[in-house]
Structures are given as C-alpha cells and as structure tokens.
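The structure under discussion appears below in the form of structure tokens.
On a predicted model such as this, the values are computed, not experimentally measured, just so you know.
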Amino acid sequence: QVQLVESGGGVVQAGGSLRLSCAASGRTFSTYTMGWFRQGPGKAREFVAVISKLGSATSYAESVKGRFTISRDNAKNTGFLQMNSLKPEDTAIYYCAVNSNSTEQLRGGLAAYWGKGTLVTVSS
C-alpha cells in the first residue's frame, strides 16, 4: 500500500516556473518507479515524465523535454517535477504515480498507485 499526495500547483503566467512535489508513504520509496502524468481540459490523461527507482534514468514526453525535470529524494520519500518555461497548453491537473516495475511500464500508464492530483494553470 502506497499513499501519494501532490502539492505545489497554482496559477502562473506563461514563461514562469513551478515545482511540484509528490510525498509518498506506506513503503520504502526507493522500491518504486515514479512518474508524472497530466490531464488538461477536454483532453485525455497523458504521460509527462518518469524516473527510475534510484534516479539513474529518466524519460520525458516530447512536449516537455528541455523544460521539465523530474527528480526524487528517496531519503525524504518525495518526488519532484520542476517545470520551467511554462506554456498555456501545460494547464492541467498533474498526477503522481508509482509502480514496482520498469520505467517503460509506468510511462505506458501501468501504475499501481495514483495521487489525487494538483492543478496547474498557466495564463497567457
């Protein structure tokens, strides 16, 4: 059992930055691959970024590559998503998710646990 709580969302103007956090509890965080997904208005949920269990490998959606950075601090049981150069199309509810398997599986949406999300609104 894992509980995930996202925080750090808010309203920011285009070109600005936000850092999202994902606080995990229930089991040792390093046991899990961790990723971020988002769902914009009128859109399906989409993959954003994923990081391996010890942080040695990352993968990003092309739409955010070069602007977003995923990281984790296993000692604090917390994952992060640093979002820079934000665009209005980044507006979405952002969800943290984990699984016990590979980054490839989580990137494809195969998650064991999901957080409830945090809203990011980017104004023009």
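- Proximity of V50 to T33: side-chain heavy atoms (C-beta onward) are separated by under 4.5 Å at one or more points.
- In the hydrophobic clustering of ILVMFWY residues, with side-chain heavy atoms under 4.5 Å counting as a link, M83 and V64 come out together.
- Remark: S85 OG to R67 CZ distance equals 7.0 Å, nearest 0.5 Å.
- Here S59 contributes atom OG and E104 contributes atom CD; the two are 8.0 Å apart, rounded to the nearest 0.5 Å.
- Counting side-chain heavy-atom gaps under 4.5 Å among Ile, Leu, Val, Met, Phe, Trp and Tyr, L54 is found in no cluster with other residues.
- Between the side chains of D73 and T78, not a single donor N or O lies within less than 3.5 Å of an accepting N or O.
- Contact check for N99 versus Y32: no side-chain heavy atoms found under the 4.5 Å cut-off.
- In terms of heavy-atom proximity, G79 sits nearest to W36 at O-CZ2, 4.2 Å.
- The two residues P88 and A14 have their closest heavy-atom pair at CD-CB, 4.1 Å.
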Pairs of donor and acceptor atoms involving the side chains of residues 111-124, under 3.5 Å and at least two apart or interchain, shall be tabulated with distances.
unit_1 : atom_1 : unit_2 : atom_2 : d
Y113   : OH     : Q1     : N      : 3.3
T118   : OG1    : G9     : N      : 3.2

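- In this structure, Y95 is not a member of the same hydrophobic cluster as V98, with clusters built from ILVMFWY side-chain heavy atoms closer than 4.5 Å.
- Between F37 and A97, the shortest heavy-atom contact is CE1-CB, 4.1 Å.
- Applying the ring-ring contact (aromatic ring centres under 6.0 Å, His included) test to pairs two or more places apart or on separate chains, none has a residue in residues 56-75.
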Exercise for the section: Go through the steps for I70 and Q82 under the test side-chain contact (heavy atoms from CB on, under 4.5 Å), then give the verdict. Expected result: CA-CA 6 Å; I70 188 170; Q82 178 67 45; over 6 Å; no

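- Screening T58, N77, I51 against R72 for a side chain to side chain contact (heavy atoms under 4.5 Å, CB included) leaves a single residue, I51.
- By the rule that hydrophobic residues join a cluster once side-chain heavy atoms approach within less than 4.5 Å of another member, V2 and Y94 end up as members of one cluster.
- Side-chain contact between Q39 and E46 is absent, with no heavy-atom pair separated by less than 4.5 Å.
- E6 and C96 make their closest contact through OE2-N, 2.8 Å (heavy atoms, listed as atom of the first residue, atom of the second, distance).
- Side-chain contact between M34 and L4: absent, with no pair of heavy atoms (C-beta onward) separated by less than 4.5 Å.
- Counting heavy atoms from C-beta outward, R38 and K43 have side chains that stay 4.5 Å or more apart.
- Of the inter-residue distances, the one linking T69 atom OG1 with N84 atom CG reads 6.5 Å to the nearest 0.5 angstrom.
- The main-chain N or O of T31 is never found under 3.5 Å from a side-chain atom of T28 such that the two would form a donor-acceptor pair.
- Between K53 and F29 there is no side-chain heavy-atom pair separated by less than 4.5 Å.
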Practice task
Show your working on side-chain contact (heavy atoms from CB on, under 4.5 Å) between F80 and L20 and close with a plain yes or no.
Solution key: CA-CA 5 Å; F80 304 95; L20 306 183; over 6 Å; no

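- The same ILVMFWY cluster, assembled from side-chain heavy atoms under 4.5 Å apart, contains both L81 and V12.
- S30 and N74 get closest at one heavy-atom pair: CB-ND2, 3.4 Å.
- Hydrophobic clustering (ILVMFWY, side-chain heavy atoms < 4.5 Å, transitive): I93 and F47 are in one cluster.
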